[in-house]
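Accompanying notes for the structure given below.
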Amino acid sequence: MRSIKKVLIANRGEIALRIIRTCREMGIATVAIHSEADVTAPFVLAADEIVCVGPAPSSESYLVIEKVIGAAKKTGADAIHPGYGFLSENPEFSEAVESAGIAFIGPKPHAIRIMGDKLSAKEAVSVRNIPMVPGTEGAISDPEEAIKEAAKIGMPLIIKASAGGGGKGMRAVHDAALVEDELARAISEAERSFGNGAVFMERLVLKPRHIEVQVLADTHGNVVHLFERECSIQRRHQKVVEEAPSALLDDKLRDEMGKCAIEVAKSCDYVGAGTVEFLVDESRNFYFLEMNTRLQVEHPVTECITGVDLVREQIRIAEGHPISFSQEDLKITGHSVELRVYAENTGAGFLPDTGVLKRYSPPVGPGIRVDDGVEEGGEVSIHYDPMLSKLITHGPTREAAIDRMIQAIDNYEVVGVKTTLDFGRFACDHEAFRSGNFDTGFVNEHFTPEKLIRDLPVSDDVFAELVTELSLRELSQKSINVRVTSSYERSPWRNRAEY
Ligand code: MV4
């Protein structure tokens with residue numbers, strides 16, 4: 001059992017702030033590392049100590065192992081929290097941290113290594129009773145063998161890079177005659193992107209839902225699951241809306257998937273917080289996909305429905321404590337939805353947007369949580385991930401959580417960059433989402449920019465002109481959804497008789 005007194009956060013933005021908050025609560029001192037571009041960022045101002053680790057590009061700052069560990073030594077930090085992204089799933093990093101006598105708040109390099117490669121992950125879990133999509137056992141490089149295996153698997157199938165992640169290096173094949181060509185393409189793509197040409201084949205699961213299970217494991221052999229998160233609302237493998245629990249699961253399936261996730265964690269001697277990803281098909285069969293060996297962006301929805309602070313548990317586990325509750329203690333309370341607020345132009349293919357936040361005012365109120373890393377006056381640059389914040393709502397039912405999300409979106413003011421708030425409004429209003437009957441094809445099937453409600457803030461005289469000159473029916477005939485917001489409507493005096 002060791003006592004962690006000072007944590008260095010090897011990350012930036014909202015997740016750095018999120019980790020600092022829990023450290024504060026636990027009476028643990030914090031060190032922020034930052035790039036030259038982040039000197040005035042909120043997470044830097046919030047930390048007890050700061051160390052500049054280099055210029056703006058991550059490759060010269062947040063990703064340089066020696067600089068991060070150097071900062072920890074210099075400030076006497078006894079633990080490093082990697083957050084997500086950056087070095088969080090780099091086994092060399094966690095190894096170097098532990099070798100320096102610093103606690104890595106996360107799993108052992110062994111577990112990161114196994115789960116970092118899809119083929120070795122499948123091999124590790126194969127000795128346990130875990131459902132996987134039928135496919136090749138190992139890597140495929142020989143065209144003859146590929147054709148034989150493809151005949152066994154059947155069409156359509158999918159070729160995946162073993163080292164890939166987040167959808168990179170995947171190719172769907174719908175015609176057996178194309179197997180040879182697609183295999184060659186997949187191998188060369190994998191080689192180019194990951195420096196590892198290992199690829200494998202699986203049956204293609206049609207209209208899948210992406211459901212993941214949160215697990216926690218301690219150094220005493222205890223492993224629990226904290227139910228699932230539904231992450232099917234994605235755009236090009238980037239999650240946009242997540243929720244917990246999933247509208248698809250019942251208690252029986254939840255229990256089965258939870259037990260399976262625990263087995264996956266045990267298969268690699270997992271320690272800490274991790275996430276086991278599954279695909280669920282139209283007949284509600286589930287298949288193990290991969291395991292993420294880090295705290296995930298969408299962890300707050302799990303915190304909302306369980307009341308567990310996952311960062312606190314991570315730190316306590318790193319100190320050698322057992323998990324502070326048992327599986328039986330856990331229950332789901334209500335429903336939680338998260339919208340990732342990215343600085344992106346949803347009307348232009350979700351292109352990243354940059355600029356100064358001339359106005360930034362997040363919503364507040366019961367059942368609303370905003371995990372953000374920006375403030376008014378701050379700049380959104382091209383150097384890092386465009387995620388500004390996560391808007392999370394919690395309510396007694398799924399409907400209540402979604403309705404709260406709509407209210408929260410409407411009360412979230414961001415001026416200076418375009419954001420995915422309007423996409424969130426679209427999704428929350430959509431019948432497919434509201435009914436719970438949707439899959440990973442939601443965005444492609446249902447979303448076009450014309451469906452966004454566009455805010456048109458105008459002056460009173462222009463507003464009056466609009467109302468008199470254009471009927472809303474005319475607008476709808478042109479398929480334009482407009483919500484007209486006048487300065488009058490926004491005025492705090494609007495309900496006064498004398499106004
Ligand atoms: C699949 C699949 C269908 N069948 N595997 C995409 C990300 C990577 N982690 C796995 N992915 C998929 N694997 C089989 N055998 C469909 C996807 C997939 C997907 C998965 C989760 C969320 C969104 C997705 C979007 C397209 C494809």
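Both ligands and their constituent atoms are indexed starting at 1 by order of listing.
- For K122 and E202, the salt-bridge test passes: some basic side-chain N is under 4.0 Å from an acidic carboxylate O.
- If you check which protein heavy atom lies closest to atom 5 (N) of ligand 1, you get K160 NZ, 2.8 Å.
- Of the options N292, T440, I158, V205, the smallest heavy-atom separation from atom 24 (C) of ligand 1 is shown by T440.
- Protein heavy atom at the shortest distance from atom 9 (N) of ligand 1 is E290 OE2, 2.9 Å.
- Ion pair E282/K207 not flagged as a salt bridge, since none of the NZ, NE, NH1 or NH2 atoms sits closer than 4.0 Å to an Asp/Glu carboxylate oxygen.
- Using cut-offs of 30° and 60° for the angle between ring planes, the F426 and F423 rings count as tilted.
- When each atom of ligand 1 is checked for a heavy atom of E202 under 4.0 Å away, the hits are 5 (N), 14 (C), 15 (N).
- Considering I211, N444, L289 only, the shortest heavy-atom separation from atom 10 (C) of ligand 1 involves L289.
- The shortest N/O to N/O separation between Q234 and ligand 1 does not fall below 3.5 Å.
- Closest to atom 21 (C) of ligand 1 among all protein heavy atoms lies H210 ND1, 3.2 Å.
- For the residue pair Y412/S389, the side-chain donor-acceptor check at 3.5 Å is satisfied.
- Among all protein heavy atoms, the one lying closest to atom 17 (C) of ligand 1 is M170 CE, 4.3 Å.
- The existence of a salt bridge linking E298 and K390 is excluded, since no basic side-chain nitrogen approaches an acidic carboxylate oxygen closer than 4.0 Å.
- Considering both main-chain and side-chain atoms, R203 comes within under 3.5 Å of ligand 1 through a nitrogen or oxygen pair.
- Between K118 and ligand 1, no pair of N/O atoms sits closer than 3.5 Å.
- A cation-pi contact, defined as under 6.0 Å to the ring centre and within 45° of the axis, is absent between R235 and F447.
- Taking the six-membered ring for Trp, H430 and F442 have ring centres closer than 6.0 Å.
- Checked for salt-bridge contact, R316 and E313 miss the test: no charged N lies under 4.0 Å from a carboxylate O.
- Within the listing of ligand 1, atoms 3 (C), 4 (N) sit less than 4.0 angstrom from a heavy atom of L204.
- The cationic atom of R398 (NZ for Lys, CZ for Arg) lies less than 6.0 Å from the six-membered ring centre of F433 and within 45° of the ring axis.
- Atom 20 (C) of ligand 1 has its nearest heavy-atom neighbour, among L279, L206, V133, V443, in L279.
- For atom 25 (C) of ligand 1, the nearest non-hydrogen atom from the set R235, H237, E277 belongs to H237.
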